[in-house]
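Data first, discussion second: the structure below is written as structure tokens.
Because only heavy atoms are used, hydrogens play no part in the values below, and waters and symmetry mates are left out as well, while side chains stay in. Position 1 is the first residue of the sequence; numbering continues from there.
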Amino acid sequence: MILDDKKTINAWCSYDWANSVYNLIVTTAIFPIYYTNATQAAFGGDLVTFFGIEIDSSVLYSYAISFSFLIAVILYPVLSGIADYRGAKKSYMRFFTYLGSLACMGLFFFDGANIEIGILLAITASIGYASSVVFYNAFLPEIASESKMDAVSAKGFSMGYIGSVLLLIVSLVLVQMPETFGFDGAGSATQFVFLLVGLWWFGFAHIAFARLEDRPTKNKITSQVLSAGFRELQKVFTSLKERASALRYLSSFFFYSMGVQSVMLLAPLFAAKEIGMESVEMIIVILIIQLVAIGGAYLFAWISILKGNKTSIMLAIIIWIGICIMAYMIQDKTSFYGLAAVLGLVMGGIQSISRSTYSKLIPEGTKDTASYFSFYDVTEKIAIVLGTLTYGAILSLTGTMRNSILFMTLFFGIGLLILFFTKLQSKED
């Protein structure tokens, strides 16, 4: 692939357009609300029975998210090493895309009562999404030069936000006017949305698949392939240990990601249970977040050009701390709309700049981009596991998500402190 080729960059960015609809509509907006309403209707309250175990539905959902990312953490570090060994990043990206999108389509059959099926499909879809992103991210240093990585990363996230907003609007219309489109109610319309999201993800992903290229090696599939994958990871880990800035940055990223990802994933449940947001109101909140996030991605890329990536990320973390404190105190829906706009601004910014910052810390010219990005994504996914587990545990102990979200400020604070003492530069000798 030619570096900085416009068509290749656009094709790469199109995968954000394809898969972000799952992350927004299913993970963030529609599924948590549908899950809450459907399980309450089926079980007559917040307590549900999952494989014979009685548990609060919100706690079960937060644990399910944690479990899905834990499985991904176990799987894809080895797979990314093998992908580099065989030069097959696109092949693995395609496999997990198919796995995730098909599981998402399967949620069409989840009606609340069959909660085991719903949770298992949600876990599978989450694994597919999280794992495909590893190989997708790994293409960034192969398609963009260092000076353009921030802008290309921001463009990818922006395309994802735009595509998500478009399909979310369609979903909102379907859910609000189900009879107009032949559905017998909002529930069945929502189930159709899951099918629609899966088809969107599956279909548009092929734009990226058509343009991105594997770099096949002559390494054949043998009994030694698995050990070769571990050797690739060991080589990358050794390299990271010799690159102080990269290792410190990953440590900071780990802690602030615990806060970012936990708040983003569980915000809909917080809005529904603590603020009293209805389904339609919550979808409007998500639309606000996504639209503002488009500008946020470019705003923080601009700040990074003027003041550097470190300053850009530190500013975003400080704002995130303020968001958690405000969420703890907020009571009315109007204020929550304003808070959502601020959240969208830093959500787009911190995700985009975090990815491009790490890309700049990878050794120039390396062929092991999937292995390097596996460390980045493993860091993020372990952060999600621990963050959502902490969130769920505090909810279980105290009975309110307000305490859970306030506790996230500790993770943001630690990440900010580590980053403050980290010297970031583009490449280390």
Side-chain angles (χ1 to χ4, degrees), residues 16-41 61 101 104-112 118 121-122 125 129 157-204 263-296 332-345 347-348:
D16 250 316
W17 170 282
N19 77 341
S20 291
V21 295
Y22 166 79
N23 195 36
L24 170 70
I25 298 176
V26 177
T27 304
T28 305
I30 301 292
F31 184 74
I33 298 169
Y34 174 79
Y35 167 82
T36 299
N37 293 337
T39 53
Q40 283 180 344
Y61 184 66
S101 60
C104 182
M105 294 180 209
L107 288 172
F108 173 81
F109 300 101
F110 173 54
D111 60 8
L121 285 171
Y129 170 80
F157 275 108
S158 294
M159 284 189 66
Y161 298 141
I162 293 170
S164 299
V165 166
L166 291 176
L167 191 56
L168 184 58
I169 292 172
V170 172
S171 302
L172 177 59
V173 172
L174 290 175
V175 173
Q176 280 297 100
M177 299 184 294
E179 290 80 9
T180 303
F181 299 94
F183 300 106
D184 57 11
S188 58
T190 303
Q191 289 171 288
F192 178 76
V193 167
F194 299 146
L195 181 62
L196 194 60
V197 169
L199 289 170
W200 176 292
W201 182 6
F202 182 92
F204 282 111
V263 173
M264 285 171 51
L265 289 169
L266 299 170
L269 292 180
F270 178 90
K273 291 200 169 183
E274 300 293 342
I275 309 299
M277 287 280 187
E278 301 293 337
S279 298
V280 175
E281 293 172 323
M282 193 60 231
I283 292 174
I284 293 172
V285 167
I286 298 299
L287 282 171
I288 292 172
I289 290 174
Q290 293 299 115
L291 290 171
V292 175
I294 297 169
D332 62 289
K333 296 179 181 180
T334 302
S335 299
F336 192 81
Y337 283 121
L339 188 64
V342 180
L343 189 151
L345 187 72
M347 181 187 77

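Across all non-hydrogen atoms, the minimal contact from S158 to I294 is OG-O, 3.6 Å. Annotation for C104 and V26: closest pair SG-CG2, 3.7 Å, computed over non-hydrogen atoms. When every heavy atom of F110 is checked against every heavy atom of Q191, the shortest pair comes out as O-NE2, 3.0 Å. Pairing each heavy atom of D111 with each of Y34, the nearest pair is CA-OH, 3.5 Å. Considering all non-hydrogen atoms of both residues, L107 and A122 come closest at CD2-N, 4.1 Å. Across all non-hydrogen atoms, the minimal contact from G185 to P178 is O-CB, 3.4 Å.
Annotation: the span from S164 atom OG to N23 atom CG amounts to 7.5 Å, rounded to 0.5 Å. A distance of 7.0 Å separates CG of L172 from CD1 of I284, quoted to the nearest 0.5 Å. Between the CE atom in M264 and the CE atom in M347 there is a gap of 5.0 Å [rounded to 0.5 Å]. Rounded to the nearest 0.5 Å, atoms CZ (F31) and OG1 (T36) are 9.0 Å apart.
Taking the side chain as every heavy atom from C-beta outward, I30 and F194 approach each other to under 4.5 Å. Counting heavy atoms from C-beta outward, L196 and I25 have side chains that stay 4.5 Å or more apart. Side-chain contact between V263 and F270: absent, with no pair of heavy atoms (C-beta onward) separated by less than 4.5 Å. In this structure, the side chains of W17 and L166 come closer than 4.5 Å at one or more pairs of heavy atoms. Side-chain atoms of M277 and Y337, non-hydrogen and from C-beta on, do get closer than 4.5 Å to each other. A heavy-atom distance below 4.5 Å is not found between the side chains of Y161 and L291.
In this structure Q40 satisfies the side-chain hydrogen bond (donor to acceptor under 3.5 Å, both in side chains) test together with D46, sequence neighbours excluded. Here Y35 pairs with nothing under the side-chain hydrogen bond (donor to acceptor under 3.5 Å, both in side chains) rule; sequence neighbours left out. Not counting sequence neighbours, the partners of S20 by the side-chain hydrogen bond (donor to acceptor under 3.5 Å, both in side chains) test are D16. Applying the ring pair (Phe, Tyr, Trp, His ring centres under 6.0 Å) criterion to F183, with sequence neighbours excluded, gives F192. Taking F336 as the reference, nothing meets the ring pair (Phe, Tyr, Trp, His ring centres under 6.0 Å) condition, with sequence neighbours excluded. By the ring pair (Phe, Tyr, Trp, His ring centres under 6.0 Å) test, Y129 is found to be paired with Y22, residues two or more places apart in sequence or in another chain being considered.
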